[in-house]
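Below: one structure, written as structure tokens.
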Protein chains: 2
Amino acid sequence: MSPGPVDAAPGTRPVRGATYPPGTIGAMDSSNTRRQATRQKLFEAAVTLIAEQGFSSTTVDEIAERAGVAKGTVYYNFASKTVLFEELLRHGVELLTTSLQNASDENAERGGSHVDGLDAMIRAGLHFISRYPALTQLYVAELWRTNRAWQSTLMMVRQRAIAVIEAELRDGVAAGELSEDIDIALTASALFGMVLVAALDWQSYQPERSLDDVHAALSLLLQGRVGGGAVAPG
Amino acid sequence: MSPGPVDAAPGTRPVRGATYPPGTIGAMDSSNTRRQATRQKLFEAAVTLIAEQGFSSTTVDEIAERAGVAKGTVYYNFASKTVLFEELLRHGVELLTTSLQNASDENAERGGSHVDGLDAMIRAGLHFISRYPALTQLYVAELWRTNRAWQSTLMMVRQRAIAVIEAELRDGVAAGELSEDIDIALTASALFGMVLVAALDWQSYQPERSLDDVHAALSLLLQGRVGGGAVAPG
DNA sequence: GCTTTTGAACTGACCGGTCAGTTCAATTTC
DNA sequence: GAAATTGAACTGACCGGTCAGTTCAAAAGC
């Protein structure tokens, strides 16, 4: 009759596409099992396609084809298309926050100022975006969308990235290096947006320019050489 | 004869869902025919739904239902779902560029500096986003997506908005008010992104704050009081 | 021999687009 | 000025295609 129960297959078969150990995602784990490799291929295929077309326009068949596996394999590795996407998001944010945090830490270790720290994070952000443009596009497209199933996942993602910037700002203020008048949360958002949009435009419309070039332009803005550089502060 | 053709169709029949005079979109025209009203309702329904769910997850049935019309009416007024969306985009960018341009012009008239002009545009941008949050979300979600049918429409849209900012920057440099070192295109992008992301975060996460408040925070950044304000310029 | 992958088949819901028919305010006719 | 006519605007059932998800027997690794 029916092809089978929609949910909770009765005991027998391998629990296909069941919730997989959520810790070991992507290339994070060193033990490179065969399955890990397949999952990685699926991530890479999915991120590109979804960035290009959006989540719902991307079919599971396409993902499987691009990854070079059979459709059944997708469902062997992930419970559903949605779950695949959610794990992808979690995987991605890990890469970004690590990158930002490293930039901040390394700057601190070499004795740089907090403004230098922000500058280093701008560079790290640019580097990340140029390396994972599809992932970035995908976040941007989904981040402020309401009524989404993965809304909470995305908020967590955003919060983790912003928090790193906020910490640097806070430390800068505490050290007397930044004005006490600044609004930490809003400034962090604004800086984040500045890098995000500038980088995406760079990738989309002027890809021939170097990272240093773009970084220099943003540095000027950060250091107030655009609108206030020539004006003596009160 | 008829209740009044909106644009004097030369042919006989109602040329169903044909390309409609692109000039008269939305509530722009004062002559409020029945059809105009319907189109306006459809725009409003579509912009909200697409902002929430994305283009392809939004069904024509949903749009029709939210607008309070039958599905057929959608296809009577627009050739396809895609065309409806494209006209929506064009309609929206008109509002934004006008708003930015007005802010710039009014500042110039009252004898403000070019930095003041940028500041006024930031304010105008914030105002726009708080007034049309759904439209903004929608642009952000689609703007950097590749392989889209309306790619060219979006590029045009972006270019028109950015051009207004670039002009102000260029004038500022020419007037000796801004550093000659700045990269016009990149700085314009960055400023655009700064406002965009800060505003969306404001709307999403701190909606109780006032526009003035947010504007003040971004002004500080523009005028270099964050990273460079305390440092005496060379 | 277990895990993993394959690939084809199938299902049922969903969705964009169509179209024959209906409505009704403006216009024309008498 | 009442009746008839017109046709733009609107309606909603319907059609054909698409796709997520499921299943499974067989093959391929390790």
Side-chain angles (χ1 to χ4, degrees), chain A residues 1-18 20-21 31-42 45-46 49-50 53-65 67-86 149, chain B residues 1-18 20-21 31-42 45-46 49-50 53-65 67-86 149:
Chain A
M1 294 293 238
S2 72
V6 181
D7 195 30
T12 53
R13 290 286 141 165
V15 189
R16 307 299 240 12
Y20 206 71
S31 69
N32 227 358
T33 65
R34 186 163 157 227
R35 191 167 185 179
Q36 281 299 333
T38 302
R39 290 170 64 88
Q40 185 62 32
K41 276 193 292 181
L42 284 170
L49 287 166
I50 296 179
Q53 308 175 337
F55 176 75
S56 36
S57 316
T58 301
T59 69
V60 175
D61 287 295
E62 279 176 321
I63 295 174
E65 189 192 346
V69 302
K71 187 179 182 179
T73 305
V74 176
Y75 285 93
Y76 183 79
N77 284 282
F78 299 95
S80 67
K81 183 188 174 187
T82 304
V83 167
L84 163 58
F85 185 53
E86 278 171 350
Chain B
M1 292 193 34
S2 65
V6 182
D7 194 35
T12 47
R13 286 289 140 164
V15 195
R16 304 300 237 14
Y20 209 71
S31 70
N32 225 0
T33 65
R34 183 162 162 222
R35 189 166 185 177
Q36 280 300 332
T38 303
R39 289 169 65 87
Q40 185 62 32
K41 277 193 293 182
L42 284 170
L49 286 167
I50 296 179
Q53 307 175 336
F55 176 76
S56 37
S57 313
T58 302
T59 69
V60 176
D61 286 295
E62 280 176 318
I63 296 173
E65 189 191 347
V69 301
K71 188 179 186 177
T73 305
V74 176
Y75 286 94
Y76 182 79
N77 284 281
F78 299 95
S80 68
K81 184 188 176 187
T82 304
V83 167
L84 162 58
F85 185 54
E86 278 172 349

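A, B, ... follow the sequence lines: proteins, then strands. Residue 1 opens every chain.
- At whole-Å resolution of the value, OH in Tyr76(B) and P in dA20(C) are 16 Å apart.
- What separates CD1 of Ile50(A) from P of dA20(D) is a distance of 11 Å, to the nearest Å.
- Between the C1' atom of dA9(C) and the OH atom of Tyr75(A) lies a distance of 15 Å, rounded to the nearest Å.
- Atom P of nucleotide dC15(C) and atom CD of Glu65(B) are separated by 12 Å, given to the nearest angstrom.
- Remark: Lys41(B) pairs with no residue by the salt bridge (charged side-chain N to carboxylate O under 4.0 Å, His left out) rule, at least two apart or across chains.
- Under 4.0 angstrom from either OP1 or OP2 of dT5(C) there lies at least one side-chain N or O belonging to Thr38(A).
- Among the heavy atoms of the strands lying under 4.0 Å from Thr58(B) are primed sugar atoms or P, OP1, OP2 only; no base atom is included.
- As rounded to whole Å, 16 Å separates atom C1' of dG16(C) from atom CZ of Phe85(B).
- Contact record, Ala67(A) with Leu42(A): CB-CD2, 3.7 Å, taken as the closest heavy-atom pair.
- Side chains of Leu84(B) and Val60(B) form no contact here, defined as non-hydrogen atoms less than 4.5 Å apart.
- The distance between atom CG of Asn77(A) and atom P of dG21(D), rounded to the nearest whole Å, is 15 Å.
- Regarding contacts with the backbone of dA9(D), every side-chain N or O of Thr73(B) stays at 4.0 angstrom or more from both OP1 and OP2.
- Heavy-atom minimum distance, Ile63(B) versus Ala45(B): O-CB, 3.7 Å.
- A donor-acceptor contact under 3.5 angstrom links the side-chain atoms of Lys71(B) to the base of dG16(C).
- Checked against dC19(D), dG21(D), dT11(D), the side chain of Thr59(A) finds its nearest nucleotide in dC19(D).
- In this structure, NZ of Lys81(A) is placed 13 Å from C1' of dC14(C), rounded to the nearest angstrom.
- Mapping Ala70(A) and Gly72(B) onto DNA chain C via the closest heavy atom, the residue that lands nearer the 5' end is Ala70(A).
- Computed from coordinates, the Asp61(B) CG to dG16(C) C1' distance equals 9 Å when rounded to whole Å.
- A search for side-chain hydrogen bond (donor to acceptor under 3.5 Å, both in side chains) contacts involving Thr58(B) returns Gln53(B), not counting sequence neighbours.
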